[in-house]
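Input: a single structure, listed below in structure tokens.
In what follows, every chain begins at residue 1, and chains take the letters A, B, ... in the order their sequences are listed.
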Amino acid sequence: MSEYNHNSIEQKWQKYWSENKTYKATEDTTKKKFYALDMFPYPSGAGLHVGHPLGYIASDIMARYKKNKGFNVLHPSGYDSFGLPAEQYAIQTGQHPAITTDANIKRYRQQLDKIGFAFDWEREVRTSNPDYYKWTQWIFKQIFQSWYNNDTDKAEAIDELIATFAKEGNANVNAACEETPVFTAEEWNNWDEKTQRQTLMNYRLTYLADSWVNWCPELGTVLANDEIKDGVSERGGHPVEQKLMRQWSMRITAYAERLLQGLDKVDFSDSLKEQQRNWIGKSKGASVFFDVAGFDDKIEVFTTRPDTIFGVTFMVLAPEHDLVAKITTDEYKAKVAAYKKTAAAKTERDRQADVKNITGEFTGAYAIHPFSGEKVQIWIGDYVLATYGTGAVMAVPAGDQRDWDFANHFNIPIPNIFEGADISEGAYTEKGAKLMNSDFLNGLTAKKGMSLATYEIEKRGLGKGKTNYRLREAIFSRQRYWGEPFPVYYKNDIPYVLEDNQLPVTLPEVDAYLPTEDGEPPLARAKKEAWNVFEGDRMEYNTMPGWAGSSWYFLRYMDPKNEKEFVNKEKADYWNQVDLYIGGSEHATGHLLYSRFWTKFLCDRGFINFDEPFKKLINQGMILGRSSLINKISIQFSGLTKLDGKDEGATNLHIPNLLISKRKLEVITNHIKILKKEKNINNELKNEFLKIKGEMIFLRAKVAKVSNLKTPTDELDIEADILDLQTSSLHIDINCVENDILNIEKAIKDPMFSFLKGSHIIKEENGDFICGHEVEKMSKSKYNVQTPDDLCDQYGADSLRCYEMFLGPLEQAKPWDTQGISGVHNFLKKLWRLFPEDNQFDEGAPTKDALKTLHKTIKKVTEDIERYSFNTVISTCMIAVNELGAQKCKNKQILSDLAVIISPFAPHITEELWERLGNTESITKATWPAFNEKHLIESNFSYPVSFNGKMRFMLELPIDMGKDDIEKALFAHEKTAGYLDGKDPKKVIVVPKRIINVVV
RNA sequence: GCUCGAGUGGUGGAAUUGGUAGACACGCAAGACUUAAAAUCUUGUGUCCUUUGGGACGUGCGGGUUCAAGUCCCGCCUCGAGUACCA
């Protein structure tokens, strides 16, 4: 036993764990369970950088800690292995995405294994594996065969609904569904199958319908709202446009209220809950019907301010609104049609960029104000969205800024309906003012006005109070190859689901991963024989979206090999909710909402007994890269004629490719600043500057091949000759830089940085070239990517694990700084040295000091782990190791407990030390040491003594001393008189075991 | 624009309930060991003033509450994240 050799130790124990199945989880109902889960990784081709494992390390620590605490721990991992990148690669190269995916998973697994995670790999799942997606298809089928009963507020079997229809029609059915005309039992029973099935589509929780979708031509597929960022596709950044397409959708809106309410039951961060609340976007108001003059049709609008209804001066419909074509008068037809066309051609991004540009057209038609009976103009405008509410608004320019802008732009009157409000410059959007010009609402403020208005609207049959959600149905079809096939076939254009025993429908082979010439999805290319199941006229050609497999994977880990069910219910009852879920906040509105939705559905239908998947969720912060930059300047001087005695005229000094070390650049910029501002020259700075300038002149002389220069700086007039200074910087590979010092020889070998050869370089006096730095996202193009592999080789997985935790709070974004890893590496080395080389531990009773160190460490580490404050745990352990080192503690009992405490963070080294302590079982089976307060009890307390709140000196007193005695001791102290300065103390505050404060 | 976070040494950060601001670590400086380097160890390290003793200032800025404020309250500034015609 000599030096701490992390490589051999880590290999040894990784092998041991895998051979002994140390992390295998079994259902042991005698123990309390703990389920720790990381967000499903997508195995990308780029592999892991140091930012990725951060969350895995945290959940791993928690899993190991809970195991030591006696819990039965489930800590699995797997791959969300369907997805766009592998398919895009397949399109480019013709290689089957399964092959790429497999290769990526292998690399991913190698990287993960190096870090020493306590995953039970026997439970691995892959969404692209037919054994897995069989059950994704099966769940789809359950959703298809369900409807949402608003009366019981849950999903129920569609068979029950069919029975109801056959018995009494749909009059008494209160469902979350499409607008469906009332029919009787008799009508239902007389309908043919197609009509019946079409009607059922209105009720099913997943249904086929024409809907406005985000179509991305570049990717050749539809995207969900959460897959679009800033109007372009999240993957690839391609434009997106609106298109009406026949698509599978999930009726997630049925669950809007429960998804909202459920947030109160889970422990997510406030910001994440807020994001979900915004996404669901609940708003209360009223729906009101406006008659259209000259037509039988009514326009339904949704408003959150029914109290402002007397301020309505016009209406605006979305360009896509059904009624537009019908009601537009001949006079305006051409203009309206043209407007509709341009609106439709706009991409989502154009539309967003155009917010300030007010556009619209008058239809020539009028609506009748339901209260006043007045005629109001009907316009169309693309600020009204077809997909929200009813696609129509009642415009109240006095009370809504967008309506005000629109009215102002098109010269529509803006009558005021608020007492004392100034609406000449903009709408009055607050709720404090009393209403006027509003008939029966006059004199009321918003709150009372809204309820009275709603009451009147309902009483007069003009509409009703309503709650609206921003959340839209989730489009579930993707026109791509690399995803789950639907368990669906078509007969006479009616979709049917397959029988359970026909599942899974596996992905058929195709000749290319592209759409067909008719624009059908890639699966349409598959020959009939290529399908493992083929029914009816054709199979469904769409595939499921990326979130299908990831919406329920946490359930499959509980029972990954079950061939009869997606999960055994007893196992699901035991493992239950995920106790700790860690992942990035980018999934706030996608994955997290969908998996909550599916969990609620599966619970409704009785397959599981809980309706929230994740009890506690932590978003790990991003690890940012620290880029190294080479400063490049372009500097111009004039007045160099004195340089070598020859008259060169007013020549400018300009040197191309001038690279300058950081400190030298600072000298120049400081000097210029001072010259500009203060005029009085700082001599020291000036001399430094002159030197640099001399260097530059020398370099220029080299360029100009003027060689007869000696010490040019002596002759220079420095004060007035700077014409221009421009600085820029170039990214340089962080592997060529150490402690901000550039290794030029190393960098020059990289073809990317060969420009260094032809550059002029100004170094520091000692010959170093110091780089600048910036903290930004890790990316290849910035040459700042750190892979965990290199660090594992150099410092070991234990160092990497500890360092990632030591960096700062888990949830906070923080810059990666490789220099710092030596600190935790030193800590592990010190820990190693604490254990005697000959393994001759002190078997006797531990010293008081050692016990004190140990127990205060147990206390703090336990508390900190429980509140996920892992960075402070590392600090605490460092202190413990430092103290025990100073005490020269070799006590077996102390060191054993210490090893256990550190083991969740640094599992390899502690396994080795544990073995050296004479244990034959893995340290993962050890018991977490118990805290005993008696070791921390002190007889004295060292009081900080403050005068007027300023700490002056320490005073050590017995811990049980009373306030009066403390005061006596205080005034007896020699220093007290000095601080009193002859005055009487006004007040003395004594907080036992905390502080003494004297007010003078 | 709105919503939610966050601003503490040269750097990452600590201070859990209002009670010694800067723990722990990096970096830097000096020293020991060494032919030398590495490794290791010791000491110092918020800023300014001071011969020592010590003093003044100090948690983005300005106020306030309190014996006592990084922490609580009011107003502002800056940065980050999310979101955006949602009627």
Side-chain angles (χ1 to χ4, degrees), chain A residues 3 229-231 269-275 277-279 281-283 285 301-305 308 315-316 351-352 354-358 381-385 387-396 399-403 405-406 468-472 585-586 588-589 619 621-622 626 739-740 773 775 803 806-809 811-824 826-827 829-830 833 860 863-864 867 869 871-879 882 942-954 978 985-991 993-1000:
Chain A
E3 280 286 282
K229 291 263 136 69
D230 301 323
S269 71
D270 288 343
S271 80
L272 196 142
K273 286 186 181 182
E274 199 58 29
Q275 276 183 59
R277 285 192 190 108
N278 289 341
W279 195 260
K282 181 179 183 174
S283 49
V301 296
F302 173 73
T303 176
T304 53
R305 293 291 302 275
T308 64
M315 307 197 66
V316 188
R351 213 165 156 155
Q352 283 181 17
D354 244 17
V355 171
K356 288 198 182 94
N357 208 353
I358 296 157
D382 69 0
Y383 85 90
V384 177
L385 304 176
T387 45
Y388 181 75
T390 58
V393 301
M394 56 173 227
V396 183
D400 183 285
Q401 190 56 45
R402 289 153 308 166
D403 296 344
D405 291 337
F406 195 86
N468 226 359
Y469 298 91
R470 195 182 81 112
L471 185 71
R472 293 175 219 174
S585 57
E586 68 272 18
T589 48
N619 292 125
M622 216 191 334
R626 187 178 188 275
N739 284 6
D740 285 344
H773 64 88
V775 170
Y803 186 53
F806 185 63
L807 226 42
E811 291 170 273
Q812 210 169 288
K814 51 216 163 252
W816 179 264
D817 175 6
T818 313
Q819 286 173 36
I821 198 170
S822 63
V824 287
N826 276 342
F827 153 67
K829 281 202 264 190
K830 281 187 203 168
R833 282 199 300 269
K860 177 133 178 78
E863 282 171 5
D864 284 359
R867 64 187 179 105
S869 172
N871 54 329
T872 51
V873 173
I874 303 282
S875 305
T876 308
C877 292
M878 284 174 170
I879 295 168
N882 288 345
S942 202
Y943 279 92
V945 181
S946 300
F947 290 82
N948 292 332
K950 282 193 180 27
M951 212 287 283
R952 296 301 180 181
F953 59 86
M954 303 300 288
K986 262 190 202 155
K987 201 172 174 187
V988 179
I989 290 116
V990 175
V991 184
K993 280 163 70 177
R994 275 210 189 270
I995 199 170
I996 300 169
N997 190 15
V998 185
V999 188
V1000 184

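- Distances were taken from every side-chain heavy atom of Arg952(A) (C-beta onward) to each of C24(B), U40(B), G55(B); the shortest belongs to G55(B).
- Asn278(A) has its CG atom 10 Å from the P atom of A84(B), to the nearest Å.
- With contacts defined as side-chain heavy-atom distances shorter than 4.5 Å, the pair Arg626(A)/Thr818(A) does not qualify.
- Residue Leu385(A) is classed as a base contact, given a heavy-atom separation below 4.0 Å to a base.
- For Trp816(A) and G13(B), the CH2 to P distance is 13 Å, given to the nearest whole Å.
- Inspection of the Asp403(A) and Tyr383(A) side chains reveals an N or O donor paired with an N or O acceptor under 3.5 Å.
- Within 4.0 Å of Lys986(A), counting heavy atoms only, lies no atom of the nucleic acid at all.
- Taking atom C1' on both nucleotides, U78(B) is separated from C61(B) by 10 Å, rounded to a whole Å.
- Listed candidates were G55(B), A25(B), C86(B). Nearest to the side chain of Tyr388(A) is C86(B).
- When distances run from any side-chain atom of Lys950(A) to the nucleotides C85(B), C4(B), C57(B), the shortest one goes to C57(B).
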List, with names and distances, any nitrogen or oxygen atoms from the protein found under 3.5 Å away from nitrogen or oxygen atoms belonging to nucleotides 16-20 of chain B.
from	atom 1	to	atom 2	distance (Å)
U16(B)	O4	Lys860(A)	NZ	2.3

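- In the set A84(B), G5(B), A39(B), G5(B) carries the atom at the smallest distance from any side-chain atom of Asp270(A).
- With A84(B), C24(B), A87(B) as the candidates, the nucleotide lying closest to the side chain of Val384(A) is A87(B).
- Nucleotides G80(B) and G12(B), compared at atom P, are 16 Å apart to the nearest Å.
- With rounding to whole Å, Gln819(A) atom CD is found 14 Å from U11(B) atom P.
- Inter-residue side-chain proximity for Phe827(A) and Tyr803(A) is flagged as unmet; no heavy-atom pair is nearer than 4.5 Å.
- Taking atom CD of residue Glu274(A) and atom C1' of nucleotide A84(B), one finds them 14 Å apart after rounding to whole Å.
- Separating the CZ atom of Arg472(A) from the P atom of U83(B) is a distance of 14 Å, rounded to the nearest angstrom.
- When Watson-Crick and G-U wobble pairs are counted only if both distances are under 3.5 Å, U3(B) pairs with A81(B).
- Distance from the side chain of Asp817(A) is smallest to C26(B) among C24(B), G13(B), C26(B).
- Between Gly949(A) and Thr876(A), the one whose closest nucleotide on RNA chain B sits nearer the 5' end is Thr876(A).
- Nearest nucleotide to the Lys814(A) side chain, out of A14(B), G12(B), C24(B): G12(B).
- Candidate nucleotides C67(B), C24(B), A87(B) were compared by shortest atom distance to the side chain of Val999(A), and C67(B) ranks first.
- One can place CD1 of Ile874(A) at 15 Å from C1' of C26(B), the figure rounded to the nearest angstrom.
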Are there any protein N/O atoms within less than 3.5 Å of an N/O atom in nucleotides 41-46 of chain B, and if so, which ones and at what distance?
from	atom 1	to	atom 2	distance (Å)
C41(B)	OP1	Arg833(A)	NH2	3.2

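- Contact annotation: Asn871(A) does not reach the phosphate of A25(B) (side-chain N/O to OP1 or OP2, under 4.0 Å).
- For C4(B), neither phosphate oxygen OP1 nor OP2 lies less than 4.0 angstrom from any side-chain nitrogen or oxygen of Gln275(A).
- Only the C1' atoms considered, G13(B) is 14 Å distant from G27(B), to the nearest whole Å.
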Write down the protein N/O and nucleotide N/O pairs, taken from nucleotides 58-66 of chain B, whose separation is under 3.5 Å; answer none if there are no such pairs.
none

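- Remark: C1' of C86(B) and CZ of Phe406(A) are 17 Å apart, rounded to the nearest angstrom.
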